[in-house]
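Worksheet: the structure to be examined is printed underneath.
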There are 2 protein chains.
Amino acid sequence: MNRERRARGHGDELREELLDAAESLLAERDDERQVTIRAIVDRVGVTPPALYLHFANKQELVKAVVGRRFAALGAAIEHAVADPADRGEAAAALRAGCLAYLDWARENPGGYAVLFRVRRDTQLVTTEEVASVAFDSLVGGIRACQEAGVSGVDDARATAALVWASLHGLATLTSLRTQFPWPPLETMVDDLLHGVVGIPSKRVQARLGASEEQA
Amino acid sequence: MNRERRARGHGDELREELLDAAESLLAERDDERQVTIRAIVDRVGVTPPALYLHFANKQELVKAVVGRRFAALGAAIEHAVADPADRGEAAAALRAGCLAYLDWARENPGGYAVLFRVRRDTQLVTTEEVASVAFDSLVGGIRACQEAGVSGVDDARATAALVWASLHGLATLTSLRTQFPWPPLETMVDDLLHGVVGIPSKRVQARLGASEEQA
DNA sequence: ACCTGAACACCGTTCAAGT
DNA sequence: ACCTGAACACCGTTCAAGT
């Protein structure tokens, strides 16, 4: 079968093209099984064996995509956190970072899922490392709250672990069970950070104010 | 090829045998892709088409297994909750239920993962229903804490949603990233229920006691 | 050096045929 | 009524061969 668009460049830009194709395919049909090697190479206009010149197997290809997405996640968090942190508002920065995490997960359901669907045993140091970037920024956000005196937590890393797990659960469950009557994400993040990290919650303060007025 | 063990009974016990085989295969190799139709029927001693007499396709088979596991999860929670609830200790019952959820997830990593790996669009009412059984018992546990006066939360359902998401995140992340230095599950559940639901935490109380002694 | 054509062993699923 | 044998269209992957 003759391909309409033959491979043009003899550089290793093919590698990037394959990653682009895999990433966009993953975004469209967010089932990992639908993202087949033949679909990827078809989109680029090349035959299956050409892919194996750049990736050892499908898993390596997926891992490269995961690496890209983690980098994008890190950038999104950094961007969201920057402004409030510059103004010295540690709690607002932490909150913004958490919401950025959830927003990003919601906008890339297939991409987010694949980040953690990687098999246990074949998990790579690479993935661990990029994951820890997002985690470290969470630890940093909590430490900043401690230093600003708005968090009464003692172990920032242990608290960050719990917050991360909760965020991860929110990210996966809300995108997976869309029928469920979820409260707004902002509310849940607010309640979580208030309860677990101990930062002041505008929502709780507003409720207390209202009940005092009633009394 | 002659099968060693030919199909014996002409009942629909074959259906149960297939479910058993699929469930045990899922427990051994906890990758859903490894649980192939041919592996399942091989274990039972039957040919692939025989499976389609009892299940429309592989997804229906997986869904039936999911239903079984959810039932087992519900039973585990009920059992863990029963004793403390009988003694009127609402907070202890809630805590026991959450820990039972996490224990069960840890003991059945493949089984737990498959519960939520079901595709968004093909998700069935059945799965939603059995899932809501576990969720309703969480709502009930929180309501009991409200009535016992050990929780200052106003909306039990909204709180339960956040707790459920957090538990789900803990269940998946701790089993997926085993290298990560997780705090003990008991500690995290304690912190979560203390912070989000507002029930008293033995750990926090102990820490406060210790710091008072130091002062 | 980079890519293709053709094949391999697998997969889920179907269908005619056997008892 | 229940199961098998053989085939279908797919999949990931490999290998010899082309330029």
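The sequence lines fix the lettering, A, B, ..., with proteins before strands; numbering per chain opens at 1.
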With A:Arg69, which residues qualify under side chain to side chain donor-acceptor pair (under 3.5 Å), at least two apart? A:Asn108
Calculate the interatomic distance between B:Asp42 atom CG and C:dC11 atom C1'; express it in whole Å. 13 Å
Here the distance between atom C1' of D:dT4 and atom NE2 of B:His54, to the nearest Å, is 14 Å
Determine whether a donor-acceptor pair (N or O, by modelled atom type, separation under 3.5 Å) exists between the side chain of A:Thr178 and the backbone of A:Ser175. no
If the condition is side-chain contact (heavy atoms from CB on, under 4.5 Å), which residues does A:Ala39 pass it with, not counting sequence neighbours? A:Leu25, A:Arg29, A:Thr36
Distance check: side-chain N/O of B:Thr36 vs OP1/OP2 of C:dC11, anything under 4.0 Å? yes
Over how many whole Å does the gap from A:Arg15 atom CZ to C:dC2 atom P extend? 14 Å
Pairs counted only when both distances fall under 3.5 Å, Watson-Crick or G-U: show me the 5' to 3' dot-bracket for DNA chain D, [ ] for pseudoknotted crossings and | for other-strand partners. ||.|||||...|||||.||
Salt bridge (charged side-chain N to carboxylate O under 4.0 Å, His left out): which pairs involve residues 73-83 of chain A, sequence neighbours left out? A:Asp83-A:Arg87
Answer yes or no: is there a donor N or O on one side and an acceptor on the other, between the side chain of A:Asn57 and the main chain of A:Glu60, under 3.5 Å? yes
Between C:dA1 (C1') and A:Glu13 (CD): distance, integer Å: 14 Å
Does the protein touch nucleotides 13-19 of chain C at the base, only the backbone, or not at all? Give it as B, S and - per nucleotide, heavy atoms under 4.0 Å. BBB----
Determine whether B:Met188 and B:Trp182 make a side-chain contact, defined as any pair of heavy atoms from C-beta on separated by less than 4.5 Å. yes
Closest approach to the side chain of B:Leu53, judged atom by atom: which nucleotide of C:dT4, D:dC3, C:dC3 is it? D:dC3
Value in whole Å for how far the P atom of C:dG12 lies from CZ of B:Phe55: 14 Å
Between B:Leu14 and B:Leu51, is there a side-chain heavy-atom distance shorter than 4.5 Å? no
Side-chain atoms of residues 90-101 of chain A: list all donor-acceptor pairs with protein atoms under 3.5 Å, sequence neighbours left out, distances to 0.1 Å.
| residue | atom | partner | partner atom | Å |
| --- | --- | --- | --- | --- |
| A:Arg95 | NE | A:Asp190 | OD1 | 2.8 |
| A:Tyr101 | OH | A:Tyr112 | OH | 2.8 |
| A:Tyr101 | OH | A:Trp164 | NE1 | 3.3 |

